[in-house]
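Below is one structure; the comments refer to it alone.
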Amino acid sequence: MGNNILDTQDALCDTFSMSKTLQLPKTLQEAISFFSDPQKTFDYAVSLRWPTGKVTCPRCDCTEHSFVSTRRLWFCKGCKQQFTIKVGTIFEDSALGIDKWMIAVWLIVNCKNGISSYEVARALGITQKSAWFMMHRVRLAMHSKEFVTLGGSGKEVEVDETFIGGAARFMHADKRKVKITERGVKDKAAVLGILERGGQIRASVVPSRRKHELQARVRAHVKAESAIYTDALMSYQGLNQDFIHKTIDHAESYVDGQVHTNGLENFWSLLKRGLKGTYVNVEPFHLFRYLDEQVFRYNNRTALNDGERFHRVMGLIAGKRLTYEQLTGKGTDSIHHGPAGTRPA
């Protein structure tokens, strides 16, 4: 697991036991009061970053260091550099205080339909540009690196796809000519969803709805012998070789006993409510980040309360960094300006 275990799910059991002694907030009001105390905020961040109590340098893993209490930073005796609790996390190189970061994480993690960068900017007293950058870094922490496959013998899995893109009737005529070049779904981004009933969901942007593309992802995320329910799209034909595959033709009905994709339709509704009602205009190459956000909230909607969801995301901040150049593609280290919504390696 390494010295910094916050980027692994295995650390959650340790951090949750630690949180009981700190009496962490359970509501937004309690969170604002709790994180308004600089010392409490610092103690919380330190105990979460190094739950064993052994502070290590995030650059060289050296345990020999001196602490400068007036500035709340450490001086590493190994690499001879200073480091704070922000180094090696999504907070690195941010001029904003940890107290603002904590409230921003709380808001984006617990708002069911998302929260706009303008609203976060007003709430925290920062610029909209800073809030937008901050929120994308939180979305990076919300991305799950869990590779456990869904389903299994006796389990039911729904597979469906949807399209994300602007509706022509809401566009100005000039913009419509540029954005929509053909009828149908040509100028929209396709998203594939895989939902285990009673379990978790996976959602990702796909280049197309062709058979080889969809079935490769289904086989990568779903265990063999699972019962898979899809619509009548031709691309799903052939799944019965490895799965118990049943289809529902939406031209005739939406439910036939246990055969339906209504669970995923519920998720699509939540996703599009946030994209259309809260974020309004999402660039295709950022779409996967908004999927990560909604997938995290959906997968943790019932088992955890607001405080526990916040604490879980805070346990995933280490080992992840996103620079402004990477996010916008305005530098030599651009990593995402490829096919629409492609996740960087």
Side-chain angles (χ1 to χ4, degrees), residues 6-7 9 11-12 15-49 51 84-86 89-92 94-144 270-271 273-274 277-279 289-322:
L6 298 182
D7 55 343
Q9 295 284 6
L12 291 176
T15 55
F16 272 115
S17 61
M18 170 274 297
S19 65
K20 294 180 181 178
T21 60
L22 286 179
Q23 297 181 349
L24 294 179
K26 296 181 180 179
T27 65
L28 177 59
Q29 183 180 16
E30 293 177 1
I32 294 173
S33 176
F34 183 92
F35 294 119
S36 63
D37 186 329
Q39 190 58 47
K40 278 186 179 181
T41 304
F42 179 76
D43 292 341
Y44 168 74
V46 171
S47 59
L48 191 64
R49 182 74 189 277
T84 67
I85 54 177
K86 290 183 177 181
T89 71
I90 62 171
F91 306 149
E92 186 168 351
S94 173
L96 299 177
I98 290 292
D99 55 339
K100 292 183 183 292
W101 270 106
M102 296 297 183
I103 301 304
V105 173
W106 188 287
L107 291 174
I108 190 172
V109 165
N110 291 310
C111 290
K112 185 176 181 180
N113 295 325
I115 182 170
S116 72
S117 57
Y118 283 91
E119 189 169 353
V120 172
R122 290 196 305 270
L124 299 182
I126 60 178
T127 64
Q128 183 271 334
K129 180 180 177 180
S130 296
W132 180 79
F133 184 27
M134 171 187 284
M135 293 175 70
H136 276 305
R137 287 201 265 185
V138 177
R139 292 185 183 104
L140 177 62
M142 297 170 79
H143 168 60
S144 174
L270 290 172
L271 174 66
R273 196 177 304 164
T278 302
Y279 300 121
R289 306 183 193 278
Y290 294 90
L291 287 177
D292 289 342
E293 174 190 344
Q294 192 61 49
V295 164
F296 176 87
R297 282 198 297 261
Y298 190 88
N299 287 340
N300 296 282
R301 67 193 186 283
T302 57
L304 307 178
N305 60 36
D306 288 3
E308 291 168 342
R309 272 190 296 273
F310 164 79
H311 190 71
R312 174 159 292 185
V313 170
M314 289 301 298
L316 300 171
I317 63 172
K320 299 177 180 179
R321 190 186 177 196
L322 181 66

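Nothing fancy with the numbering, it's 1 onward along the sequence.
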Practice item. Quick one: closest heavy-atom pair of A131 and S117, and the distance? Key: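 Heavy atoms of A131 and S117 come nearest at CB-O, 3.4 Å.
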Taking every heavy atom of I126 against every heavy atom of K100, the minimum-distance pair comes out as CG2-CD, 4.0 Å
When you measure from the side chain of [X] to the backbone of [Y], do you find a donor-acceptor pair of N or O atoms at a distance under 3.5 Å?
{"X": "R312", "Y": "R309", "answer": "no"}
{"X": "K26", "Y": "N305", "answer": "no"}
{"X": "S33", "Y": "E30", "answer": "no"}

| request: In sequence, state the C-alpha distance, the side-chain angles, and the governing distance for I85 and V46, and then conclude on side-chain contact (heavy atoms from CB on, under 4.5 Å). | output: CA-CA 7 Å; I85 54 177; V46 171; 3.7 Å; yes
Geometric class of the F91/W101 ring pair [parallel <30°, tilted 30-60°, perpendicular >60°]: tilted
Quiz item: With under 30° as parallel and over 60° as perpendicular, where do the rings of W106 and F310 fit, or are they tilted in between?
Solution: tilted
Exercise for the section: Taking the side chain as every heavy atom from C-beta outward, state whether K112 and L270 have any atom pair closer than 4.5 Å. Expected result: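 In contact.
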Measuring only between side-chain heavy atoms, which start at C-beta, is I103 closer than 4.5 Å to L124?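 Sidechains of L124 and I103: in contact.
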Given the options L107, I32, T41, M102 meets side-chain contact (heavy atoms from CB on, under 4.5 Å) only with T41
When H136, R137, H143 are each screened for side-chain contact (heavy atoms from CB on, under 4.5 Å) with R139, the one that passes is H136
In Å and rounded to the nearest 0.5 Å, what is the [atom1] to [atom2] distance from [X] to [Y]?
{"X": "M135", "Y": "Y290", "atom1": "CE", "atom2": "OH", "result": "7.0 Å"}
{"X": "L24", "Y": "F35", "atom1": "CG", "atom2": "CZ", "result": "6.5 Å"}
{"X": "L48", "Y": "L316", "atom1": "CG", "atom2": "CG", "result": "9.5 Å"}
{"X": "I90", "Y": "M134", "atom1": "CD1", "atom2": "CE", "result": "9.0 Å"}
{"X": "T89", "Y": "K320", "atom1": "OG1", "atom2": "NZ", "result": "11.5 Å"}
{"X": "I317", "Y": "L140", "atom1": "CD1", "atom2": "CG", "result": "11.0 Å"}

Residues at least two apart in sequence or cross-chain that pass side chain to side chain contact (heavy atoms under 4.5 Å, CB included) with R122, listed by chain then number, are Y118, E119
(request) Test the R289-Y279 pair against the cation-pi criterion, namely NZ or CZ under 6.0 angstrom from the six-membered ring centroid and within 45° of the ring axis. (result)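 No; the conditions do not both hold, so R289 does not lie above the ring face of Y279.
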>> Tell me whether Q39 at atom CD has more than 12 heavy atoms from other residues, nucleotides or ligands lying less than 6.0 Å away.
In response: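 Yes, the 6.0 Å shell around CD holds more than 12 heavy atoms from other groups.
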